[in-house]
*Asks:* 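A single structure is presented below for examination.
Keep in mind that what you see is a predicted model, and the values were worked out from it rather than measured.
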Amino acid sequence: MGRDTIANILTSIRNADVYKKGTVRIASTNITESVVKILLREGFIESVRKHRENNKYFLVSTLRHRRNRKGTYRNILKRISRPGLRIYSNYQRIPKILGGMGIVILSTSRGIMTDREARLERIGGEVLCYIW
């Protein structure tokens, strides 16, 4: 089993949504904390708290319930760059998802940020995932 923490976050959120769970427990690392903060700020997650169990830290996040339950998060969370194939982009070629309505999460030299923040700071980086 690989240690792709970003894919683990996205898969946990998708699985919790499919089975109509309200909370998701994610192992806490610096990368996962940054990605979860972005999801919280953008409104995909309702709340996050840090939980300690047997000297290990976990992030317990509450999912935001969507009004129309026809579709799942499977359609809106997509991992782009992966350990076997890294995808990089400069700030001019960062893709716009749904004409700017979706977000792209990037790993830059100044930390993990959204596509809008990267364009404002004029820096590119590794394209981690799309959320729309």
Side-chain angles (χ1 to χ4, degrees):
M1 180 174 148
R3 300 215 26 123
D4 189 5
T5 57
I6 296 161
N8 289 342
I9 295 170
L10 300 177
T11 303
S12 297
I13 291 172
R14 274 190 231 116
N15 289 342
D17 187 55
V18 167
Y19 293 109
K20 296 177 176 69
K21 301 288 183 186
T23 60
V24 177
R25 193 173 100 164
I26 303 165
S28 178
T29 63
N30 290 337
I31 294 172
T32 58
E33 286 182 15
S34 299
V35 171
V36 167
K37 283 180 187 176
I38 289 174
L39 292 174
L40 179 68
R41 190 174 56 221
E42 295 292 327
F44 290 98
I45 292 176
E46 192 170 312
S47 66
V48 176
R49 65 181 170 87
K50 203 168 191 176
H51 178 68
R52 183 178 177 184
E53 185 177 306
N54 296 334
N55 294 330
K56 292 184 181 180
Y57 288 95
F58 295 97
L59 296 173
V60 179
S61 56
T62 305
L63 296 179
R64 183 173 298 278
H65 294 288
R66 295 184 300 154
R67 304 254 183 231
N68 56 351
R69 297 289 298 186
K70 292 180 182 177
T72 62
Y73 280 116
R74 180 175 304 173
N75 299 331
I76 63 170
L77 299 171
K78 185 173 182 183
R79 176 79 159 119
I80 301 302
S81 184
R82 51 195 167 98
L85 179 63
R86 304 288 186 185
I87 306 294
Y88 296 96
S89 176
N90 62 8
Y91 77 94
Q92 297 164 335
R93 295 179 188 238
I94 296 173
K96 287 189 177 182
I97 305 302
L98 290 179
M101 291 180 62
I103 62 171
V104 177
I105 297 180
L106 294 138
S107 176
T108 66
S109 59
R110 296 185 191 158
I112 296 178
M113 59 179 66
T114 63
D115 56 337
R116 286 176 237 129
E117 296 167 346
R119 283 191 196 97
L120 286 175
E121 294 189 22
R122 303 180 133 233
I123 56 175
E126 181 182 354
V127 180
L128 298 178
C129 60
Y130 296 159
I131 302 171
W132 70 89

*Asks:* How long is the span from the CD1 atom in Ile38 to the CD1 atom in Ile112, to the nearest 0.5 Å?
*Replies:*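 Reported to 0.5 Å precision, the distance equals 6.5 Å.
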*Asks:* Counting C-beta onward and ignoring hydrogens, is there a side-chain heavy-atom pair between Ile80 and Val104 closer than 4.5 Å?
*Replies:*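 Not in contact.
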*Asks:* Within the structure provided, determine whether Thr114 and Glu42 are in side-chain contact (heavy-atom separation under 4.5 Å).
*Replies:*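 A side-chain contact exists here, since the closest heavy-atom pair is under 4.5 Å.
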*Asks:* Is there a side-chain contact between Leu63 and Ile13, using heavy atoms and a 4.5 Å cut-off?
*Replies:*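 Result yes, sub-4.5 Å side-chain heavy-atom pair found.
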*Asks:* Does the Arg64 side chain pair with the main chain of Gly43, one donor and one acceptor, at a distance under 3.5 Å?
*Replies:*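 At least one qualifying donor-acceptor pair exists.
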*Asks:* With rounding to the nearest 0.5 Å, note down the distance linking CG in Leu98 to OH in Tyr130.
*Replies:*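 Leu98 atom CG to Tyr130 atom OH measures 11.5 Å (nearest 0.5 Å).
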*Asks:* Looking at every heavy atom in both Arg86 and Tyr88, which two are closest together, and how far apart are they?
*Replies:*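 Scanning both residues, the minimum pair turns out to be CB-CE1, 3.5 Å.
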*Asks:* What I'd like to find out is whether the side chain of Lys20 reaches to under 4.5 Å of the side chain of Asp17, using heavy atoms alone.
*Replies:*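 Side chain of Lys20 against side chain of Asp17, heavy atoms only: no contact under 4.5 Å found.
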*Asks:* Do Arg79 and Asp4 touch side chain to side chain, with heavy atoms closer than 4.5 Å?
*Replies:*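 The answer is yes, as the side chains (C-beta and beyond) meet within the 4.5 Å cut-off.
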*Asks:* Side chains of Gln92 and Asn90: closer than 4.5 Å at any heavy-atom pair?
*Replies:*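 The answer is yes; the side chains approach within 4.5 Å.
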*Asks:* Do any N or O atoms from the side chain of Arg14 and from the backbone of Leu77 form a donor-acceptor pair under 3.5 angstrom?
*Replies:*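 Yes.
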*Asks:* State the CG-NZ distance between Leu128 and Lys78, to the nearest 0.5 angstrom.
*Replies:*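 One finds 14.5 Å between CG of Leu128 and NZ of Lys78.
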*Asks:* Do Ile103 and Phe44 have side-chain heavy atoms sitting under 4.5 Å apart?
*Replies:*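 Ile103 reaches Phe44 side chain to side chain.
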*Asks:* Might you confirm whether atom CD1 of Ile87 has over 12 heavy atoms from other residues, nucleotides or ligands at distances under 6.0 Å?
*Replies:*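 Atom CD1 in Ile87 is packed in, count exceeds 12.
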*Asks:* Do you know which two heavy atoms are closest between Val24 and Ser12, and how far apart they sit?
*Replies:*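 For Val24 and Ser12, the tightest heavy-atom pair comes out as CG1-CB, 3.6 Å.
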*Asks:* Could you give the distance from CD1 (Ile123) to OG (Ser89), rounded to the nearest 0.5 Å?
*Replies:*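 Interatomic distance, Ile123 CD1 to Ser89 OG, rounded to 0.5 Å: 12.0 Å.
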*Asks:* To the nearest 0.5 Å, how far apart are OG in Ser109 and CD in Glu121?
*Replies:*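 These two atoms lie 8.5 Å from each other.
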*Asks:* Is the closest side-chain heavy-atom distance between Leu59 and Lys50 below 4.5 Å?
*Replies:*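 Side-chain contact under 4.5 Å: yes.
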*Asks:* Working to the nearest 0.5 angstrom, can you tell me the gap between Ile105 CD1 and Ile31 CD1?
*Replies:*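 Separation between the atoms: 12.0 Å.
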*Asks:* So does Ala27 get a backbone contact from the side chain of Thr32, meaning a donor-acceptor N/O pair under 3.5 Å?
*Replies:*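 At least one qualifying donor-acceptor pair exists.
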